Amino acid sequence: MENSTQNFQRGFILLGLSDVPHLQIIFFFLFLIMYLMTLSGNVLLITVVRINSKLHTPMYFFLSNLSTIDICFSSTIVPKILINTLTMDKSISLVGCGIQMFFHMALGASECILLAVMAYDRFVAICRPLHYQTIINKKMCFVLASISWGGGFANATIHTPLTFQLPFCKSHNVNHFFCEMPPFFKLSCKDTSLNEIVMYVAALIIILFAFLLTLISYIRIISTILKTISSHGKDKAFSTCASHLTVVSLYYGTIIFMYLKPRTAYSPEIGKIMSILYTAVTPMCNPIIYSMRNKDVKDTIQMKLFQTR
């Protein structure tokens, strides 16, 4: 127990994605490109929404919230990956690890809830157009956004202290590239059943509920499209829905894999791949899939951001 306390106090070593030099260089540039694309895409979207009054609608209000989450989510994890990939020192302090885990859990859960909120918003807009402004009014927008942010931070407030109450006497080497719960359970010499039960319950409530709400919303949207829209319009609508569902399924699917899979079936290497998909890939894809293909957004970029004098 004394040894575990010493290891715990001096922090952890993040083993990262690989210790092969040429692979580390590849990973560094891969993450750097994804991070720069995430920042530029999401900052651009937030700027476009702010400068174009036509985009001051519930849909773009939620998209701005999503972009803010994605910027913070990536910034919680990717800069540390870049530093650890370039340097020999792969350590992270106890406080740094706790902060990283807290914001990762908070922002990840917030995005889960917000994606469901956005799907519901589109469902009301397409399936209940006459009641849209009544249902999704300004007050409701702030309530739904507050639930998304509040639910995420409540989730992190529960999980982070529970995780760091465990004694890590097996090792302080974390076989991962950031501080995430499943790899930490493997380091503990204490029974982690309580932590796992709490994790599964939270995942069922937040992730599965949000995913089912999103799925039901898109099923209803597709059903309405089939009944009311012309053949040409259907192709465009289906293309939009398919791209949205692809990104949503990628995000929810990888998180479900990470947080609803039994501990005995957890594989560190597969876990790393899953984590890359939802911490780096989806934040990069979201602004492109959800808005950059939108005519109003493209027109604003061309007219107001890149206009020639």
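These figures come from a predicted structure and were not determined experimentally.
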Next item on the list: Walk me through it: do Phe103 and Cys72 pass the test side chain to side chain contact (heavy atoms under 4.5 Å, CB included)?
Entry: CA-CA 8 Å; Phe103 282 102; Cys72 297; over 6 Å; no

Please say yes or no: joined through hydrophobic side-chain contacts below 4.5 Å, possibly via intermediate residues, are [X] and [Y] part of one cluster?
| X | Y | answer |
| --- | --- | --- |
| Leu55 | Phe142 | yes |
| Ile26 | Phe177 | yes |
| Leu166 | Tyr200 | yes |
| Leu213 | Ile205 | no |
| Leu208 | Leu245 | yes |

Do you know which two heavy atoms are closest between [X] and [Y], and how far apart they sit?
| X | Y | value |
| --- | --- | --- |
| Pro283 | Asn42 | O-ND2, 3.2 Å |
| Asp89 | Asn84 | O-OD1, 3.7 Å |
| Pro161 | Ala156 | CD-O, 3.9 Å |
| Lys90 | Thr87 | NZ-O, 3.8 Å |
| Cys141 | Phe62 | O-CE2, 3.7 Å |
| Gly11 | His172 | O-CB, 3.6 Å |

How far does [atom1] of [X] sit from [atom2] of [Y], to the nearest 0.5 angstrom?
| X | Y | atom1 | atom2 | result |
| --- | --- | --- | --- | --- |
| Leu212 | Ile216 | CG | CD1 | 6.0 Å |
| Thr279 | Ile77 | OG1 | CD1 | 4.5 Å |
| Thr47 | Asn52 | OG1 | CG | 12.5 Å |
| Leu250 | Met274 | CG | CE | 8.5 Å |
| Ile207 | Tyr251 | CD1 | OH | 8.0 Å |
| Ile83 | Leu14 | CD1 | CG | 11.5 Å |

Notebook entry, point to check: For the residue pair His104 and Tyr278, does the interplanar ring angle fall in the parallel (under 30°), tilted (30 to 60°) or perpendicular (over 60°) class?
Noted result: tilted

Next item on the list: Over 60° means perpendicular and under 30° means parallel, so classify the ring planes of Phe153 and Trp149, tilted if in between.
Entry: parallel

Note to self: Between Leu17 and Leu23, does the side chain to side chain contact (heavy atoms under 4.5 Å, CB included) criterion hold? Intermediate values first, please.
What the structure shows: CA-CA 9 Å; Leu17 293 164; Leu23 288 179; over 6 Å; no

Side-chain donor-acceptor pairs of residues 27-36 under 3.5 Å, sequence neighbours excluded:
residue: Tyr35; atom: OH; partner: Ser75; partner atom: OG; Å: 2.8

Next item on the list: Report the residues that fulfil disulfide (SG to SG under 2.5 Å) with Cys179, sequence neighbours left out, ordered by chain and then residue number.
Entry: Cys97

Beyond-backbone contact of [X] with [Y], side-chain heavy atoms, under 4.5 angstrom:
| X | Y | value |
| --- | --- | --- |
| Met181 | Asn195 | no |
| Pro167 | Ser188 | yes |
| Phe178 | Ile92 | no |
| Leu144 | Met140 | yes |
| Thr282 | Leu277 | no |
| Ile276 | Thr254 | no |
| Phe184 | His176 | no |
| Leu204 | Phe209 | no |

Check: Short question: side chain of Thr160, backbone of Thr157 - any donor-acceptor pair under 3.5 Å?
Finding: no

Checklist line | Under 3.5 Å: donor-acceptor pair, side chain of Ser40, backbone of Met37 | finding: yes

Side-chain donor-acceptor distances from residues 105-120 under 3.5 Å, at least two apart:
residue: Ser110; atom: OG; partner: Ala106; partner atom: O; Å: 2.8
residue: Ser110; atom: OG; partner: Ser148; partner atom: O; Å: 3.1
residue: Glu111; atom: OE2; partner: Asn286; partner atom: ND2; Å: 3.0

Note to self: So that I know where these two stand, are Phe123 and Tyr218 an aromatic pair - ring centroids less than 6.0 Å apart?
What the structure shows: no

Checklist line | Pair Asn175-Lys272, side-chain donor/acceptor within less than 3.5 Å | finding: yes

Item checked: Co-members of Ile158 in a cluster of I, L, V, M, F, W and Y side chains, linked at under 4.5 Å -> Leu162, Leu194, Val198

Check: How does the hydrophobic cluster around Leu15 look, that is, which other residues are in it when side-chain heavy atoms under 4.5 Å mark a link?
Finding: Ile13

Margin query: Please determine whether side chain to side chain contact (heavy atoms under 4.5 Å, CB included) holds for the pair Phe211 and Ile255, giving the CA-CA distance in whole Å, both sets of side-chain angles, and the decisive distance to 0.1 Å.
Written below: CA-CA 11 Å; Phe211 177 65; Ile255 290 186; over 6 Å; no

Next item on the list: Decide yes or no on ring pair (Phe, Tyr, Trp, His ring centres under 6.0 Å) for Phe12 and Phe168, but give the supporting numbers first.
Entry: CA-CA 10 Å; Phe12 302 94; Phe168 302 109; 5.5 Å; yes

Notebook entry, point to check: What do the steps show when you test Glu180 against Met258 for side chain to side chain contact (heavy atoms under 4.5 Å, CB included), and what is the final call?
Noted result: CA-CA 10 Å; Glu180 192 170 23; Met258 285 297 296; 3.4 Å; yes

Check: Partners of Tyr259 by ring pair (Phe, Tyr, Trp, His ring centres under 6.0 Å), sequence neighbours excluded?
Finding: none

